[in-house]
S.K.: 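Quick one: structure below, then a few questions.
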Amino acid sequence: SLLQAHLLRQRLAPYAGFSRVYFAPRIPQKKLDAALGNYAGGVNADEVLVLVDITVFGGGKEGIVLTERGMYSKELMEGRARSVWADVREITARGTVVWTNGHKLIDCTMVDKPELQRLFTVVQEFVELLRGSADPSAADTQGGAARQASAHRPAGAGVGLAGPGG
């Protein structure tokens, strides 16, 4: 898992100049504290790889946090969501909306579409890499539609990210 996380960090490094997407170790502390306090509880600051701030005024209380273990998100007036990478078969950004396994996860209206596109293209590659190491059939890109069709879960059926003893 550390190897894959290293690869994720390496692939995202060229995008350090994004406006609402922040990459470790250059995540502003106030935004990081707001995200961890509001929707990514139980995550240590040093585990955060990427923070996407979707707040109007840049306070960081809503958005997306990506870690080595999974993803946390919160949209204004919506509940918190979390997923472990093993449960994510497909993650894409269409316009400003991020989709996981065919379900709308979050609308990032304050974030530039090309930034979201680039970020989640890399994250999808990371997810495929993880799945490929766990499931050889997942590497078959032709099976994408079939995998997506079988991946539907009821909304709100997120899986907790509690670690050992958590």
Side-chain angles (χ1 to χ4, degrees), residues 4-5 7-24 27 31 34-35 38-40 43 48-135 137-159 161:
Q4 280 103 345
L7 287 170
L8 184 61
R9 287 176 195 263
Q10 200 174 36
R11 284 293 319 272
L12 292 172
Y15 303 130
F18 281 3
S19 64
R20 290 261 181 170
V21 181
Y22 302 91
F23 301 94
I27 301 173
K31 291 180 191 292
N38 212 41
Y39 65 91
V43 174
V48 177
L49 302 174
V50 180
L51 184 149
V52 181
D53 181 6
I54 68 165
T55 59
V56 175
F57 297 109
K61 285 187 174 182
E62 288 94 34
I64 304 168
V65 164
L66 305 179
T67 73
E68 294 175 14
R69 294 180 295 156
M71 174 175 57
Y72 298 75
S73 63
K74 173 152 184 3
E75 199 170 347
L76 187 64
M77 309 299 285
E78 299 282 338
R80 298 178 294 200
R82 14 183 233 180
S83 307
V84 291
W85 292 125
D87 292 333
V88 178
R89 288 165 197 83
E90 181 188 47
I91 184 163
T92 56
R94 288 182 233 147
T96 58
V97 178
V98 177
W99 297 78
T100 56
N101 300 342
H103 296 280
K104 177 184 169 184
L105 175 70
I106 190 168
D107 192 349
C108 306
T109 52
M110 301 305 296
V111 184
D112 289 343
K113 292 175 193 177
E115 291 185 8
L116 277 179
Q117 204 76 52
R118 267 179 252 159
L119 171 63
F120 286 102
T121 296
V122 172
V123 173
Q124 175 63 31
E125 289 171 12
F126 169 72
V127 165
E128 287 170 8
L129 184 69
L130 281 179
R131 294 194 73 75
S133 63
D135 175 8
S137 69
D140 172 23
T141 53
Q142 300 302 313
R147 271 202 319 277
Q148 182 178 335
S150 67
H152 287 291
R153 278 201 321 230
V159 176
L161 288 176

S.K.: Enter the distance from D112:CG to Q117:CD here, rounded to the nearest 0.5 Å.
M.R.: 12.0 Å

S.K.: Are the side chains of V127 and R89 in contact, using a 4.5 Å heavy-atom criterion?
M.R.: no

S.K.: Rounded to the nearest 0.5 Å, what's the gap from NE2 on H103 to CD on E90? Could you check?
M.R.: 10.5 Å

S.K.: Which heavy-atom pair separates T67 from L49 by the least distance, and what is that distance?
M.R.: C-CD1, 3.8 Å

S.K.: Any idea which heavy atoms bring T92 and F120 closest together, and the distance?
M.R.: C-CB, 4.4 Å

S.K.: Quick check for you: to the nearest 0.5 Å, what is the distance between R94 atom CZ and K104 atom NZ?
M.R.: 12.0 Å

S.K.: State, with a plain yes or no, whether a side-chain heavy atom of V98 is found less than 4.5 Å away from one of I91.
M.R.: yes

S.K.: Can you pull the salt bridge (Lys or Arg N to Asp or Glu O under 4.0 Å) pairs that have at least one residue in residues 49-67, sequence neighbours excluded?
M.R.: K31-D53

S.K.: Rounded to the nearest 0.5 Å, what separation is found between the CD1 atom of I64 and the CZ atom of R20?
M.R.: 13.0 Å

S.K.: What is the minimum heavy-atom distance between R80 and N38, and which atoms define it?
M.R.: CD-O, 3.2 Å

S.K.: Take F23 and L119 through the side-chain contact (heavy atoms from CB on, under 4.5 Å) test and state the conclusion after the steps.
M.R.: CA-CA 10 Å; F23 301 94; L119 171 63; 4.1 Å; yes

S.K.: With rounding to the nearest 0.5 Å, note down the distance linking CE in M110 to CZ in F57.
M.R.: 8.5 Å

S.K.: Looking only at heavy atoms, which two atoms of M71 and W85 are closest? And how far apart?
M.R.: CB-CH2, 3.9 Å

S.K.: At their closest point, which heavy atom of S73 faces which heavy atom of L105, and how far apart are they?
M.R.: OG-CD1, 3.5 Å

S.K.: Nearest 0.5 Å, what's the CG-CG distance between D87 and N101?
M.R.: 8.0 Å

S.K.: Answer whether the closest heavy-atom distance between the side chains of V88 and F126 falls below 4.5 Å.
M.R.: no

S.K.: Where is the tightest heavy-atom contact between G63 and I106, given as atom of each residue plus distance?
M.R.: O-CD1, 3.6 Å

S.K.: Output, in order, the C-alpha distance, side-chain angles, deciding distance and verdict of side-chain contact (heavy atoms from CB on, under 4.5 Å) for V84 and R69.
M.R.: CA-CA 6 Å; V84 291; R69 294 180 295 156; 5.7 Å; no

